[in-house]
Amino acid sequence: MRQNWRSLVAATVGLFLAGTRAQTEPVQDLGSLLANQSSLSTFYGLIQKYPQILLQLPSYQGVTILAPNNNAFDKIPYSSLSDAFKNNNEDVITNVLQYHILQGTRIAAQLVPGSPVFIPTLLTSTEYTNVTGGQVVENVKQAGNVVVFVSGQGSRSTLVKSDLSFTGGVVQIIDSLLIPPSNLTDTLNAFNITSFEGALYATDDVYSFSNTPNVTIFASADSGFEALGPAITSMTSEELAQVMNYTILPQVVYSPGLTNGTKFVARNGENVSVLHSGNNVYINSAQLLTSDILIANGVLHVIDNVLNPQGPYAQPNPQIGSQAPVFASASNVDELPFTASIPCTVSCPVSTTSTPTPSTTSSVVTPTSLVAAATSSSTRVSTSSSKGQAAALAKETGFGAAGLMVALGGAVLMI
Ligand SMILES: *[C@@H]1O[C@H](CO)[C@@H](O)[C@H](O)[C@H]1NC(C)=O
Ligand SMILES: *[C@@H]1O[C@H](CO)[C@@H](O)[C@H](O)[C@H]1NC(C)=O
Ligand SMILES: *[C@@H]1O[C@H](CO)[C@@H](O)[C@H](O)[C@H]1NC(C)=O
Ligand SMILES: *[C@@H]1O[C@H](CO)[C@@H](O)[C@H](O)[C@H]1NC(C)=O
Ligand SMILES: *[C@@H]1O[C@H](CO)[C@@H](O)[C@H](O)[C@H]1NC(C)=O
Ligand SMILES: *[C@@H]1O[C@H](CO)[C@@H](O)[C@H](O)[C@H]1NC(C)=O
Ligand SMILES: *[C@@H]1O[C@H](CO)[C@@H](O)[C@H](O)[C@H]1NC(C)=O
Ligand SMILES: *[C@@H]1O[C@H](CO)[C@@H](O)[C@H](O)[C@H]1NC(C)=O
């Protein structure tokens with residue numbers, strides 16, 4: 001089996017060599033490139049261990065490999081990938097590696113400041129993603145020419161060395177692993193979007209929201225539900241389900257698609273409208289707080305109010321900071337609506353997770369979200385002192401770059 005992979009990969013790499021070797025400047029094959037970058041030795045070891053990833057490359061017109069440097073692998077124990085790497089879960093690791101390969105050759109200079117692009121990857125298995133055509137990575141260039149790749153749960157990887165050409169495309173070195181987007185409920189938990197999640201459980205909508213391929217979800221922050229109080233908690237589950245059906249679009253719309261004046265048909269058949277005012281973006285009258293949180297089956301945008309299917313023409317007043325609720329007889333409550341509907345195995349009131357800072361332009365996430373991601377289901381870890389927590393975790397697991405290198409040391413493959 002292993003032998004088969006090897007010969008196939010040898011043939012694969014041979015194809016690159018035959019196909020695109022330039023006359024003027026010889027371009028190296030991927031194996032030599034990786035072997036030559038000391039900061040990529042861990043990644044090289046992984047590629048040697050799971051060479052089947054490379055078999056997919058020739059079917060694309062060039063690829064961009066986002067290669068995590070050795071430091072990136074040091075952070076794995078604090079990420080949601082910890083268990084998979086510790087247990088050598090070949091299935092998960094293979095899909096993680098596929099997520100690190102972008103379709104098409106992207107050189108750093110092609111990025112335009114400020115405007116995010118969403119690039120499909122080789123991650124297509126429906127076991128891990130339900131975005132047809134390949135789960136995406138968000139790529140955005142920030143002030144100071146910092147190039148960032150945003151992945152699941154808002155994890156951010158920064159480009160540290162760019163444009164290393166090889167015969168099949170280009171390698172970009174990043175400082176953290178990309179996290180394949182997790183499912184809707186794990187993502188809502190990580191972002192502390194509690195009432196919306198509770199309402200999904202209360203209406204039995206949770207599986208259709210999390211398993212339908214290619215969706216956009218406009219989830220109200222908890223404050224939007226608190227502002228409604230009895231106006232939403234006293235609804236019948238049928239009425240509530242209608243409200244929820246107005247928060248989901250049967251297509252994937254990342255923030256660049258939310259252009260001024262655009263209308264989208266929600267799952268209930270009613271339109272939602274996008275309005276821009278200054279730097280603010282509104283969905284009907286609700287302000288967009290955090291955009292482009294990637295989920296396994298599409299994208300999640302956080303807004304400050306619950307959308308009302310009975311009031312699809314609601315317009316914001318951009319002069320005021322926080323828009324009034326669009327439901328009749330709304331009255332603010334302190335108790336978060338619908339939390340009791342969330343099964344305890346999904347969200348137990350043990351401790352807290354990090355709350356990303358709202359942003360109008362792009363998803364903004366702290367590095368501590370990696371820690372939050374590591375604690376997806378029943379047990380949660382407070383991220384308020386992430387440094388100390390991380391150190392503690394490291395002690396417990398005893399799993400660092402050195403251990404990983406030993407684990408990978410056995411695999412020898414010349415490509
Ligand atoms: C590493 O790069 C140098 C210079 O680019 C090249 O001469 C050498 O052959 C490379 N080594 C390997 C193992 O590819
Ligand atoms: C994708 O959808 C299928 C059913 O439509 C479901 O079984 C699978 O779990 C979903 N994958 C993810 C990652 O949510
Ligand atoms: C799913 O969404 C992606 C990205 O927007 C798109 O390329 C693809 O065609 C969509 N697939 C379907 C079946 O709608
Ligand atoms: C999301 O994934 C977690 C495992 O990470 C699982 O426990 C949970 O049931 C999933 N949620 C849904 C709605 O399928
Ligand atoms: C919500 O949408 C789903 C899928 O289209 C549909 O099956 C369900 O009946 C809708 N619920 C309500 C209350 O309209
Ligand atoms: C949604 O908007 C489109 C375009 O403005 C319009 O043609 C359509 O009638 C609207 N649908 C509903 C249900 O209002
Ligand atoms: C968005 O469109 C509306 C209506 O056409 C217009 O009044 C408003 O100025 C536009 N906003 C921006 C930021 O261009
Ligand atoms: C999450 O939301 C709940 C309810 O609003 C709040 O009590 C808690 O402090 C939040 N957690 C964080 C980390 O902000």
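Residues: numbered from 1 along the sequence shown. Read the numbers this way: they start at 1 and go in the same order the structure lists the ligands and their atoms.
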Legend entry - Polar atom proximity, Tyr201 to ligand 4 (N or O, under 3.5 Å): no

Legend entry - Closest contact, heavy atoms only, Leu178 versus Leu81: O-CD1, 4.0 Å

Inset, instruction - Give the minimum heavy-atom separation between Ala296 and Gln135, together with the two atoms involved. - result: O-NE2, 3.3 Å

Legend entry - Enumerated ligand 4 atoms positioned under 4.0 Å from heavy atoms of Thr185: 1 (C), 10 (C), 11 (N), 12 (C), 13 (C)

Legend entry - Interfacing atoms of ligand 7 (cut-off 4.0 Å, heavy-atom, His276): 1 (C), 10 (C), 11 (N), 12 (C), 13 (C)

Inset, instruction - Taking all non-hydrogen atoms of both residues into account, name the closest pair between Ser277 and Tyr282 and its distance. - result: CB-CE1, 4.1 Å

Inset, instruction - Dump the intermediate steps for side chain to side chain donor-acceptor pair (under 3.5 Å) on Lys161 and Asn69, then the final yes or no. - result: CA-CA 10 Å; Lys161 190 165 183 184; Asn69 64 16; over 6 Å; no

Legend entry - Min side-chain heavy-atom separation Tyr99-Thr124 under 4.5 Å: no

Got a list of side-chain donor-acceptor pairs under 3.5 Å for residues 321-331, not counting sequence neighbours?
from: Gln323; atom 1: OE1; to: Asn317; atom 2: N; distance (Å): 2.7
from: Gln323; atom 1: NE2; to: Asn317; atom 2: O; distance (Å): 2.9
from: Gln323; atom 1: NE2; to: Ile320; atom 2: O; distance (Å): 3.2

Inset, instruction - Without swapping roles, check the side chain of Ser234 against the backbone of Ala231 for a donor-acceptor pair under 3.5 Å. - result: no

Legend entry - Element-labelled atoms of ligand 4 that are located less than 4.0 Å from some non-hydrogen atom of Tyr207: 12 (C), 13 (C), 14 (O)

Inset, instruction - Look only at interatomic distance and state if Ser277 has a nitrogen or oxygen under 3.5 Å from any nitrogen or oxygen of ligand 7. - result: no

One pair per line, please: each N/O atom of ligand 5 matched with every protein N/O atom under 3.5 Å away, atom names first, then the distance to 0.1 Å.
from: ligand 5; atom 1: 2 (O); to: Asn245; atom 2: OD1; distance (Å): 3.2
from: ligand 5; atom 1: 2 (O); to: Asn245; atom 2: ND2; distance (Å): 2.3
from: ligand 5; atom 1: 2 (O); to: Arg267; atom 2: NE; distance (Å): 3.1
from: ligand 5; atom 1: 11 (N); to: Asn245; atom 2: ND2; distance (Å): 2.9

Legend entry - Lys/Arg N to Asp/Glu carboxylate O, Asp175 vs Arg156, below 4.0 Å: no

